[in-house]
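Naming convention: chains lettered A, B, ... in sequence-line order (proteins, then strands); numbering from 1 in each chain. Being a predicted model, the structure only gives us computed values, none of them experimental.
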Amino acid sequence: MSELMQLLKGEGASIEAADDFEAINELTRERGWGDGLPIVPPTAERVERMLAYCDRAWGEPVAAIPPRYGAATPLRLAANAVMAGCRPQYFPLIILAIEAMCAEPFNLYGVQATTHLCTPLIIVNGPVAKELGINSGHNAFGPGAQANATIGRAIRLALLNIGGAIPGLGDMSTFGSPAKYTYCIAENEAASPWEPLHVERGFPAEASTVTVVGAECPHNINDHESVTAEGILTTIAGTVAITGSNDVICADQAEPLVVFGPEHAATVAAGGYSKADAKRFLYEHAQLPLGKFSEENIERGLRKRFPDRFANAGMDALVPTAQSPEKFMLIVLGGAGKHSAFVPTFGLTSSVTRALKLRDGQLAPSVQAFRRA
Amino acid sequence: MSELRKRGVATAVICSGPFLKLGKAQARVFGVPDLPLIVIPHPLGGISLDEVKGRAEVAIPQLIELLKEYAR
């Protein structure tokens, strides 16, 4: 306990409080340290158990979280993970996710402070998903699995408490979103007819990865009629092509995410479509005529922002949802049911994928490899 | 803006009302807690050109005061 006690002597590192669940929750509510739900008091004992799965110096920041650029040390991240209700073995993924979203291409500053309702979605691939019991099937986006619920919540609490994403002060989201409570899933690799996201991005299948996406909530795509690949993809394309979309308005780097339910994925793959083929179809068909946008969005927005394409274009000119087929992200998720989902993004953000690695750079075969000897 | 301010250039950031607290907080984060903030009514986006000119009319007196202060 002595290493932790040393760290806790630092200014502001700890506070004394009565050993009372309600009193501690009252205190954290007063200080604005929570998401509105009860938190697990981050006592020294609980924080130390969390840090058992940390293979680096507890006081060394792994990142600075905007907009406050607070130092995300393992100690602070562990406190937020305890508050969220995480098991200690989740901790390596929490550190990895924070590192990924603090990478420059993600633009966490924008994602945190914007009036848009986006929040980081954490997609887990590889063996760690099963090891930690991260739900990839029925209700994966919803409640029920401790791993999904608490890993996502730990991230949100860290973004709030360390990053300063306080509603109306650092987090200017006009109305927020339920995904800001927690947003963590594992891709359903077993049910996917295609290569998983991390393999598509060049990682070996046996690597465990997190991919962070600056994302809106999922929007359902119901198709109980189509029996062909083209049919399913047409329905998806029609749902994806919308006005009022950051992916369209903030186009350059936008990576709209399409989540295939396993039944839809099976139909599309059975039609001979690879992931790349599906992306090409979506790119070509998820386009809206210029005339669908408001006059102001056309004259002050699209014509000015993309003059090469739209300066003199007629109302029939097509406005794409992504700048190329490769910009579409595809994953497979969920259980039985003829649904897929569209997850629009913040647009001004690029997804980042990071592999779970040990200090020596080797891929971590298990979270147990992070345990302190 | 914080870089410019640190170099001694007369600098200000324009904030609409709801973003004032964020502006002040970020000025502190970037090491320029006294960075002048020019306050205009919200919103600036999605308004007519006349309304934009109205916002400028609110900003200009504040800018003039700032520059006078700077000249002293």
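Heavy atoms only, all atoms of each residue included: Gly31(B) and Lys6(B) are closest at O-CE, 4.0 Å.
With a 4.5 Å cut-off on side-chain heavy atoms, Met101(A) and Val111(A) do not count as touching.
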Exercise for review: Please test Phe342(A) against Ile242(A) for side-chain contact (heavy atoms from CB on, under 4.5 Å), starting from the C-alpha separation and ending with a verdict.
Suggested key: CA-CA 11 Å; Phe342(A) 174 38; Ile242(A) 53 175; 4.1 Å; yes
**Study point:** Stepwise side-chain contact (heavy atoms from CB on, under 4.5 Å) check, Asn107(A) with Gln253(A)
**Key:** CA-CA 11 Å; Asn107(A) 186 17; Gln253(A) 65 194 111; 5.8 Å; no
Practice item. For Asp35(A) and Arg153(A), run salt bridge (Lys or Arg N to Asp or Glu O under 4.0 Å): C-alpha distance rounded to whole Å, both residues' side-chain angles, the deciding distance at 0.1 Å, then the answer. Key: CA-CA 9 Å; Asp35(A) 56 5; Arg153(A) 193 184 181 210; 2.7 Å; yes
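One finds the CG atom of Leu348(A) at 7.0 Å from the CG atom of Asn246(A) (value rounded to the nearest 0.5 Å). Considering CD1 of Ile155(A) and CD1 of Ile98(A), their distance stands at 4.0 Å, rounded to 0.5 Å.
Chain B is approached within less than 4.5 Å, heavy atom to heavy atom, by Arg300(A) from residues 298-311 of chain A, ordered by number. At a heavy-atom separation below 4.5 angstrom, chain A is approached by Pro18(B), Phe19(B), Lys21(B), Leu22(B), Ala25(B), Gln26(B) within residues 7-27 of chain B.
Remark: of the listed residues Asn25(A), Ile24(A), Asn161(A), Val47(A), Asn161(A) is the sole one forming a side-chain contact (heavy atoms from CB on, under 4.5 Å) with Met83(A).
Counting heavy-atom neighbours within 6.0 Å of Tyr181(A) OH, excluding the residue itself, gives a total of 12 or less.
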